[in-house]
Amino acid sequence: MRIAKALFLFYRKLIVPVAVLSALVGLIGYAVVGEFYLGTVGAAFVVLSALFHYFIYEVRNPNEYYFYYNLGLSKLRLWIFSVSFSLIVGLALS
């Protein structure tokens with residue numbers, strides 16, 4: 001249960017900005033093409049999630065990985081969780 005809480009805490013920083021920007025990508029696609037494709041939003045979610053993960057945790061706050069490491073989560077496990085969860089959400093949207 002402790003690991004699940006730590007993963008939720010980790011992904012909480014990513015979910016809101018990624019969801020908002022993915023929706024904006026979908027709206028821009030709607031403005032250009034004239035139809036709203038949920039697959040576009042899903043693909044944008046997957047790509048933006050990885051980018052936000054990199055910029056938030058690798059560039060902006062690299063020392064935050066120590067917090068999660070002390071909870072038993074390595075950097076690799078956090079990346080795998082982030083990419084996997086993003087793929088699941090992206091596939092569910094498309």
- Message: Tell me whether the rings of Phe81 and Phe85 are parallel (<30°), tilted (30 to 60°) or perpendicular (>60°).
- Response: parallel
- Heavy-atom closest pair (Arg77 atom, Gly72 atom, distance to 0.1 Å) is NH1-O, 3.3 Å
- Task: For residues 40-50, pull every pair meeting side-chain hydrogen bond (donor to acceptor under 3.5 Å, both in side chains), keeping only residues two or more places apart or in separate chains.
- Result: Tyr11-Ser49, Ser49-Ser86
- Spell out, yes or no, whether Val32 and Val41 are grouped together once hydrophobic residues are joined by side-chain heavy atoms under 4.5 Å, including indirect joins. no
- Query: Excluding sequence neighbours, so at least two apart, what forms ring-ring contact (aromatic ring centres under 6.0 Å, His included) with Tyr68?
  - Reply: Phe10
- Query: Other than Ile80, which residues form its hydrophobic cluster under the rule that side-chain heavy atoms must be closer than 4.5 Å?
  - Reply: Leu76
- Please name the residue in the list Tyr57, Tyr69, Tyr65 that meets the side chain to side chain contact (heavy atoms under 4.5 Å, CB included) test with Leu78. Tyr65
Return all side-chain donor-acceptor pairs below 3.5 angstrom for residues 13-29, not counting sequence neighbours, or 'none' if the list is empty.
residue: Lys13; atom: NZ; partner: Glu64; partner atom: OE1; Å: 2.9
residue: Lys13; atom: NZ; partner: Glu64; partner atom: OE2; Å: 2.9
residue: Ser22; atom: OG; partner: Val18; partner atom: O; Å: 2.7
residue: Ser22; atom: OG; partner: Phe45; partner atom: N; Å: 3.2

- Note on the structure: side-chain contact (heavy atoms from CB on, under 4.5 Å) filter on Val47, not counting sequence neighbours, yields Leu51
- In terms of hydrophobic clusters joined by side-chain contacts under 4.5 Å, are Tyr30 and Leu48 together? yes
- Query: Roughly how far, to the nearest 0.5 Å, is the OH atom of Tyr66 from the NZ atom of Lys75?
  - Reply: 8.5 Å
- Message: Using the rule that Ile, Leu, Val, Met, Phe, Trp and Tyr join whenever any side-chain heavy atoms are under 4.5 Å apart, tell me whether Phe52 and Val83 fall into a single cluster.
- Response: yes
- Please list, chain by chain and in numerical order, all residues satisfying side-chain contact (heavy atoms from CB on, under 4.5 Å) with Phe67, sequence neighbours excluded. Leu9, Leu71
